[in-house]
Protein chains: 2
Amino acid sequence: MTGAPPPRHATIEDVARAAGVSRAAVSKVLRNAYGVSDGMRERVTAAMAELNYRPRIAARAMRGRTYTLGIELPDLANHFFARIARGATSALEGTPYQLIIAPAEAGSREGLRALEALVDRQVDGVIAVSPRVDEAGLERISGSVPVVMFGRHDTSDRYDVVAGDDAAGARAAMQHLFDLGHRRIAHLTLHESGAFEPFPHGVRLREYEAAMDAAGLGERAMVWRTDEGEGPSAEVVRRMLADGTTATAVFAAHDELAFGAMRAASEAGVPLAVVGYDDVPMASHPGLGLTTVHQPGEAMGARAVEMLLERIAGRTEPMHEIFEIELKVRTSTRAPSG
Amino acid sequence: MTGAPPPRHATIEDVARAAGVSRAAVSKVLRNAYGVSDGMRERVTAAMAELNYRPRIAARAMRGRTYTLGIELPDLANHFFARIARGATSALEGTPYQLIIAPAEAGSREGLRALEALVDRQVDGVIAVSPRVDEAGLERISGSVPVVMFGRHDTSDRYDVVAGDDAAGARAAMQHLFDLGHRRIAHLTLHESGAFEPFPHGVRLREYEAAMDAAGLGERAMVWRTDEGEGPSAEVVRRMLADGTTATAVFAAHDELAFGAMRAASEAGVPLAVVGYDDVPMASHPGLGLTTVHQPGEAMGARAVEMLLERIAGRTEPMHEIFEIELKVRTSTRAPSG
DNA sequence: ATGAAAGCGCTAACAG
DNA sequence: CTGTTAGCGCTTTCAT
């Protein structure tokens, strides 16, 4: 090197020149392809190090892989999704793949937007977490890139599915409340636009209603609807409490909503048994002690990645994997009059 | 097969043919470039819709923009980082840009890895959140893409900086504890490898020590070190408590660590005043009531994006913006003997 | 075992 | 106002 380092990124051409070989040779070394002598590999490797060479993903993308997997997440504020992402990331360790996250935020069209952003960037595979996207959109996407659908319970022969056993989870939650003697149990869930089957919340809602029916409490069913997040949830429960609801217990569709319910009940000084769903880390905090349905988020995220990698490697038969849940009983359902 | 829709993605060429114009024309319409008649724009737009055309980012990347901004996040489990990402995302609404997140996870080399993954993918700009990357690495990166450094307090004329006023925040926290009568105050922070200047935790540590010194308590300073996360934090505090620490209060370097301290104290039945940092949403939950230093995460994330966009638009003078903090007093420092 | 050369889809001069 | 054309950096036959 003579003077300052080149301001521009080194290309495969630069490496080839420095090593005195052809671009094709460098490319082969890069990809561990067949047909390179040890001597050549050595020189090329040295030149790459010397020039601090890094292949440009965009150029690669024009011909083949991007070595990028994308995951669409609906709500960064929900810690359960962070666990999925962590599981996915750790499953990628030691592989040449990199995970990128596309946040979807609220809004029914946002899921599609995020997914398409990922496809536009030519990721080699996509994990779609509870995407609010209709079948047509999903089929289209899975036509151009391997997809693992996370959370939803509709299956397809075009993509794989990883989900928790929401029916069992909801039943366990309700059974627990019944066992404790509760009869006036409300279900706190998202608005109609977010809580219908095949979405997890839709399944949980269905099982709530089925459980109430089976217990002969069908006409006492109370479904409370809220916007996403702990704040809106607390607001809704605050209003229910102020309106003098007779509910003694709440089965919340996920932990964030449950925390909101606990907040409202605590503020109002009203005893209210609360069960959540997911078992985010804070649920076990002594100050909260939220009884909840545990889902193995990390394991599920890791499995989703494995499935994607298998698809990329050539598998074509669709897979559908349901993870077991586990009820975690804590103080939120053991409070004085809970 | 001549019946089914083309399985392959439509290209600019396909659109041009369908509209009976040249590729250049389509490209111009796409970019709103100067010099297209209304008629042509109309036909091209129709063809794009008809073919469901979406430009390939990778191909664009070879010539210019990717319309992608990358953010490197050190810890998805920390809700403060989720707020930054949300602020960044919302600041991008209405622009043609898309945000992608590269998770760094633990490990000193992970920050660099994530940042380089972003650069390899040719994002148009990068937000590096408290990156564990030395100056050389950072300068190299900022040589090839606009960078906004988030959190750290070292400045450079190569990149912009957005940070909170950590010195003021730490002073406010300590002053609050002093005002309450505490003298034996421990500081709970990360290990040496993560808590040194110019990192936020380094600044908070320095101010803790300065405050103790100024109060004539220099030799009573207690610095507790932990790995990242609520669990490890609880473990450390559990041990301190078991070892009979004399501390009556803990200033934790961030809320997750504070929650861990509260968990340990609660389990042990020991009254321990706790102050956190960041003010994550759960801090205000009645079950927790964590006194903490509020940082406007969303606003900071949004500002980082604005700076990046300005840089991309041509600004060259470096910017350095410090956000004000605000102490939120809650019950964790008002407990019985707190 | 190695290299030459043809594109991948797009943008940006440049020419008309 | 519209079209032609030359690449961007890489992978991948296909010769040699």
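A, B, ... follow the sequence lines: proteins, then strands. Residue 1 opens every chain. Keep in mind it's a predicted model, so treat the numbers as computed, not measured. Computed over heavy atoms, backbone and side chain alike; hydrogens, waters and symmetry mates excluded.
- Rounded to an integer number of Å, the gap from CZ of A:Arg65 to P of D:dT12 is 9 Å.
- Nucleotide C:dG7 holds its P atom 17 Å from the CZ atom of B:Arg56, rounded to whole Å.
- Applying the 4.0 Å criterion to OP1 and OP2 of D:dG9, one finds that A:Thr11 has every side-chain N and O outside that range.
- Atoms CG (B:Asp120) and P (D:dC10) sit 10 Å apart, rounded to a whole Å.
- Between D:dC10 and A:Tyr53, a contact under 4.0 Å exists linking OP1 or OP2 to a side-chain N or O.
- Proximity note for A:Arg63 (side chain, C-beta onward) versus C:dG7, C:dA13, C:dG9: the nearest is C:dG7.
- Distance CG (A:Leu30) to P (D:dG9): 15 Å, rounded to an integer number of Å.
- Put simply, CZ on A:Arg43 is 15 Å from P on C:dA1, counting in whole angstrom units.
- Every residue was checked against the ring-ring contact (aromatic ring centres under 6.0 Å, His included) condition with A:Phe323, not counting sequence neighbours, and none meets it.
- A:Ser130 and A:Arg152 form no side-chain donor-acceptor contact under 3.5 Å, judged by distance and modelled atom types alone.
- Look at B:Ser37 and you won't find any side-chain N or O under 4.0 angstrom from OP1 or OP2 of D:dC1.
- Atom CE of B:Met62 and atom P of C:dG7 are 16 Å apart (whole Å).
- Residue-to-nucleotide proximity on DNA chain C shows that, of A:Ser22 and B:Ile12, the 5′-proximal contact is made by A:Ser22.
- Comparing D:dT11, C:dC10, D:dC10 by their closest approach to the side chain of A:Arg31 singles out D:dT11.
- The phosphate of D:dC10 (OP1 or OP2) has no side-chain N or O of A:Arg60 nearer than 4.0 angstrom.
- Closest to the side chain of A:Arg23, from the set D:dG3, C:dG9, C:dG7, is C:dG7.
- If you take CD1 of B:Ile57 and P of C:dT11, they are 9 Å apart, rounded to a whole angstrom.
- For the pair A:Arg121 and B:Tyr67, the cation-pi test (distance below 6.0 Å, angle within 45°) is failed.
- Among the atoms of the strands shown, only primed sugar atoms or phosphate atoms (P, OP1, OP2) are found under 4.0 Å from some heavy atom of A:Val21.
- The closest side-chain donor-acceptor pair between B:Gln122 and B:Arg65, if any, does not fall under 3.5 angstrom.
- One interatomic measurement links the two molecules: CD of A:Gln122 to C1' of D:dC10, which rounds to 13 Å at whole-angstrom precision.
- Cation-pi geometry between A:Arg303 and A:Phe150 is not met: the NZ or CZ atom fails to fall both under 6.0 Å from the ring centre and inside 45° of the normal.
- At a threshold of 4.0 angstrom between heavy atoms, the contacts of A:Ala24 include nucleobase atoms, whether or not backbone atoms are also involved.
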